[in-house]
Amino acid sequence: MPPRKDDASVETLREAARTFVDATSLRQAARDIGMSPTGLRGFLDGAAPYVKTERKLRSWYLREASRNVQAVSAENASNALKLLVNHFAPAYGRETMLELIDVLERRARDSQTPVPAWVSELRERYSE
């Protein structure tokens, strides 16, 4: 089955795995991903992953992305959105922020990814 258009590329998976190895260790990352340290080292060094290995990497990547997004506070999400829309006039900035929140929620639902808790909090905050 071909990958979906919104799937992470192999290079994105490689970069995420490399960052995770840097933050933990090769052995810890391999254990969390579900592969051998040798296989992970080969992947990080540029080897094309086997289909089964790529599935493990994608599954790990989605788990980590979900954890990281859920760990973002409403305040941090709000600051990030404000940074993106601060060049608009205040009324347009607020409207654009609400549109971005809608897009983020829709994409989470479409990709069957948990909707971050801060989505509803920010929607309430900026709808007032």
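- S111 places a side-chain N or O within donor-acceptor distance of the main-chain N or O of A108, the cut-off being under 3.5 Å.
- Taking both residues in full, the closest heavy atoms of F88 and G93 are given as CB-N, 3.6 Å, listed atom of the first, atom of the second, then distance.
- In this structure the side chain of R94 never reaches within 4.5 angstrom of the side chain of M97, judged on heavy atoms.
- Remark: the S78 side chain and the Y126 side chain contain an N/O donor-acceptor pair separated by less than 3.5 Å.
- Between the side chain of T19 and the backbone N or O of E15 there is at least one donor-acceptor pair closer than 3.5 Å.
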### Derivation and outcome, salt bridge (Lys or Arg N to Asp or Glu O under 4.0 Å), residues D45 and R41
CA-CA 6 Å; D45 289 342; R41 172 55 50 211; 3.6 Å; yes

### Query
Between S59 and R55, does a side chain to side chain donor-acceptor pair (under 3.5 Å) hold up when you go through it step by step?
CA-CA 6 Å; S59 177; R55 272 191 225 122; over 6 Å; no

### Task
Using the side chain to side chain contact (heavy atoms under 4.5 Å, CB included) rule, take E11 and R14 through it: C-alpha gap first, then chi angles, then the decisive distance, then the call.
CA-CA 5 Å; E11 280 311 309; R14 193 180 322 276; 3.1 Å; yes

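- At a threshold of 4.5 Å between non-hydrogen side-chain atoms, the residues T12 and Y61 count as touching.
- Cluster membership check: L44 does not share its hydrophobic cluster with Y50, using side-chain heavy-atom separations under 4.5 Å among Ile, Leu, Val, Met, Phe, Trp and Tyr.
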### Message
Working note: K82 + E75, criterion salt bridge (Lys or Arg N to Asp or Glu O under 4.0 Å); need CA distance, chi angles, decisive distance, verdict.
### Response
CA-CA 10 Å; K82 285 178 187 174; E75 201 56 40; 5.0 Å; no

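- Contact of the W118 side chain with the N76 side chain is not registered, since no non-hydrogen atoms from C-beta on lie closer than 4.5 Å.
- Using a 4.5 Å cut-off on side-chain heavy atoms (C-beta onward), N79 and L83 make no contact.
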